[in-house]
Amino acid sequence: MNLVFPPEQNERIDRALDGLLSPTERAAFQADVVRDPALRAAYAARAWLHGALYAERDRLPELLETEAVAPRQVRWPRWAGFGLAAAAVVAVGWVELRRVVPPAPVAVLVQAENTKWAGSTLPTLPQSRLGPGLFSLAEGIATVRFQSGAEVTLEAPTKLEILSAMSCRLLEGSITAEVPPSAHGFSVETPDLKVTDLGTRFGVTASSTGNSHVFVFKGEVELNDHSRSVVRRLKEGKAYLSGSGPMASSAEPNRTEPVQFIDGWTSIPTSFGRGADSYVRRGTTEPAGKQPLLLVKHSDLESSRTNERRAIVTFDLEDLATAGIAEAELVLDPEPSGLGFSVMVLEARFAVYGVTDEGADKWSESELSWTNLPGCNDAGVVSGQAVKLAEFSLARGGSGAPLAIRGDAFAPFVRAHRGRLVTFLIVRETGETDPTGLVHAFASKEHPTARPPTLRVR
């Protein structure tokens with residue numbers, strides 16, 4: 001197999017495989033691949049090599065240790081962007097790799113909407129034929145059609161491993177699966193569940209905090225919950241959540257974490273001092289102050305009223321000269337909630353309110369509930385008790401990058417706040433037309449890896 005590619009095409013092919021081409025560049029590249037047999041052969045060979053390297057991922061430490069074996073006996077091809085690991089595979093496993101037959105395609109990437117990819121081992125050009133490998137979708141929505149006929153739609157941010165024409169593994173994120181009779185038995189694995197289709201449409205999410213959620217839109221599925229050693233059937237309109245909700249953090253965040261001063265900005269996280277964050281859910285009195293996620297949802301559907309959620313964050317302004325604040329912004333880190341599906345909600349609009357009653361800033365995480373959330377009643381935010389400071393939106397399948405939320409009213413509100421605590425409400429204003437719509441989530445101070453809610457001022 002010829003693995004030496006035209007040098008002028010190396011960078012372009014690599015950028016295509018990594019999903020780094022703009023829509024215009026991607027369309028031009030696709031047209032060139034169809035027109036140019038040499039480019040098509042080079043692209044196919046490089047895509048195969050990506051899959052071969054991924055297949056050898058478990059052996060890379062061993063190969064790296066033996067990298068120095070007879071280096072002068074190897075005729076090195078010109079590699080672009082594959083680094084030391086790829087060089088080690090070539091040096092040590094060259095003969096073996098040449099004998100490997102590229103895996104037969106088991107699926108096709110049929111659609112990609114506003115996508116950005118990060119770390120995928122499979123080609124990300126629409127209409128690419130796919131063997132086993134990993135998709136890592138950072139932004140947008142993509143649809144894969146398996147040879148069995150099953151269609152799986154990925155909602156960013158999602159990591160999905162294609163295993164065969166009849167199976168895939170969801171490492172994190174959300175997918176929906178449409179399964180025709182020809183593919184009955186198609187399965188989706190998560191870290192704690194195996195979902196086997198019995199017909200015909202279902203959705204699965206795997207949360208960054210460890211829980212999986214399944215909803216059957218139509219037909220029936222079989223569930224195997226590894227954490228509970230439970231096998232059951234789930235019928236149309238029913239949902240299943242492994243565990244009892246977003247997993248609670250095992251440790252209180254470091255309360256001595258210093259306020260950060262960078263480029264004239266002062267950053268105050270909810271984990272500092274007397275800061276706090278939580279969310280409430282209608283009809284539930286169980287406090288959520290120790291959860292790693294702040295959940296937010298709004299629905300006008302009567303059947304979804306108990307799923308309504310609002311978030312609250314409080315920051316400690318001790319020793320901060322608030323009178324001199326000229327600018328302010330709220331930074332939130334979006335995270336997969338593992339609850340609901342963004343295909344059921346288009347672009348979602350949110351609002352940030354400042355709680356005007358300074359006495360309400362001392363709310364307790366252990367006592368907070370839907371009925372005593374500051375600035376709100378059952379119908380929504382109460383005029384005179386809270387004031388709207390800013391709005392922001394999250395696109396369907398949008399990026400999970402941290403959000404810096406600004407508004408002209410932020411700085412004046414913090415400046416005028418005489419107490420040493422300041423409190424904000426985060427509510428979703430966009431409703432939904434389906435009860436399985438997405439519950440949006442942001443990292444709390446208990447999240448093990450993500451940034452806590454942060455107030456930045458200068």
Subject >> Non-hydrogen side-chain atoms of V457 and L317 separated by less than 4.5 Å >> reply: no

**OP:** In plain terms, say whether R456 and E329 are close enough for a salt bridge, that is, a side-chain N and a carboxylate O under 4.0 Å apart.
**Re:** yes

Original post:
If you round to the nearest 0.5 Å, how far is CD1 of I405 from OG of S393?
Top reply: 10.5 Å

**OP:** For a side-chain contact (heavy atoms from CB on, under 4.5 Å) with T176, tell me which candidate from V152, T153, I141 qualifies.
**Re:** T153

Original post:
Taking side chain as C-beta onward, heavy atoms only, is W363 less than 4.5 Å from S278?
Top reply: yes

Original post:
Can you find a pair of side-chain heavy atoms, one from R281 and one from N307, that are under 4.5 Å apart?
Top reply: yes

Original post:
Side-chain contact, heavy-atom cut-off 4.5 Å: F315 with V414?
Top reply: no

**OP:** Start with the C-alpha gap between Y279 and I312, add the side-chain angles, then the distance that decides, and say whether side-chain contact (heavy atoms from CB on, under 4.5 Å) holds.
**Re:** CA-CA 6 Å; Y279 73 91; I312 182 171; over 6 Å; no

**OP:** Report the distance from atom OG1 of T200 to atom CZ of F217, rounding to the nearest 0.5 Å.
**Re:** 11.0 Å

Subject >> Backbone of L421 reached by a side-chain donor or acceptor of H417 within 3.5 Å >> reply: yes

Original post:
Is there side-chain contact between F424 and V422, with at least one heavy-atom pair below 4.5 Å?
Top reply: yes

Original post:
Would you call S187 and K194 a side-chain contact if the rule is heavy atoms closer than 4.5 Å?
Top reply: yes

Original post:
Are D361 and T314 close enough that a side-chain donor and a side-chain acceptor fall under 3.5 Å?
Top reply: no

Subject >> For R282, all residues meeting salt bridge (Lys or Arg N to Asp or Glu O under 4.0 Å), sequence neighbours excluded >> reply: E308, D378

**OP:** Indicate yes or no: at least one non-hydrogen side-chain atom of S369 is less than 4.5 angstrom from one of T284.
**Re:** no

Original post:
Is there a donor-acceptor pair closer than 3.5 Å between any side-chain N or O of N372 and the backbone N or O of E367?
Top reply: yes

**OP:** Start with the C-alpha distance between V427 and H298, add both sets of side-chain angles, then the distance that settles side-chain contact (heavy atoms from CB on, under 4.5 Å), and finish with yes or no.
**Re:** CA-CA 8 Å; V427 300; H298 171 61; over 6 Å; no

Original post:
Is the backbone N or O of V110 less than 3.5 Å from a side-chain atom of Q127, with the two atoms forming a donor-acceptor pair by type?
Top reply: yes

Original post:
Any donor-acceptor pair under 3.5 Å linking the side chain of T430 with the backbone of R428?
Top reply: no

Original post:
Hey, mind stepping through C376 and Y353 against side-chain contact (heavy atoms from CB on, under 4.5 Å) and telling me if it holds?
Top reply: CA-CA 10 Å; C376 294; Y353 289 82; over 6 Å; no

Original post:
Taking only residues two or more places apart in sequence, or in another chain, which ones meet D277 in a salt bridge (Lys or Arg N to Asp or Glu O under 4.0 Å)?
Top reply: K445

Subject >> Salt bridge present between R201 and E178 (N-O < 4.0 angstrom) >> reply: yes

**OP:** Using the test ring-ring contact (aromatic ring centres under 6.0 Å, His included), find all partners of F202 that sit at least two apart in sequence or belong to another chain.
**Re:** none

Original post:
Side-chain contact, heavy-atom cut-off 4.5 Å: D333 with P402?
Top reply: yes

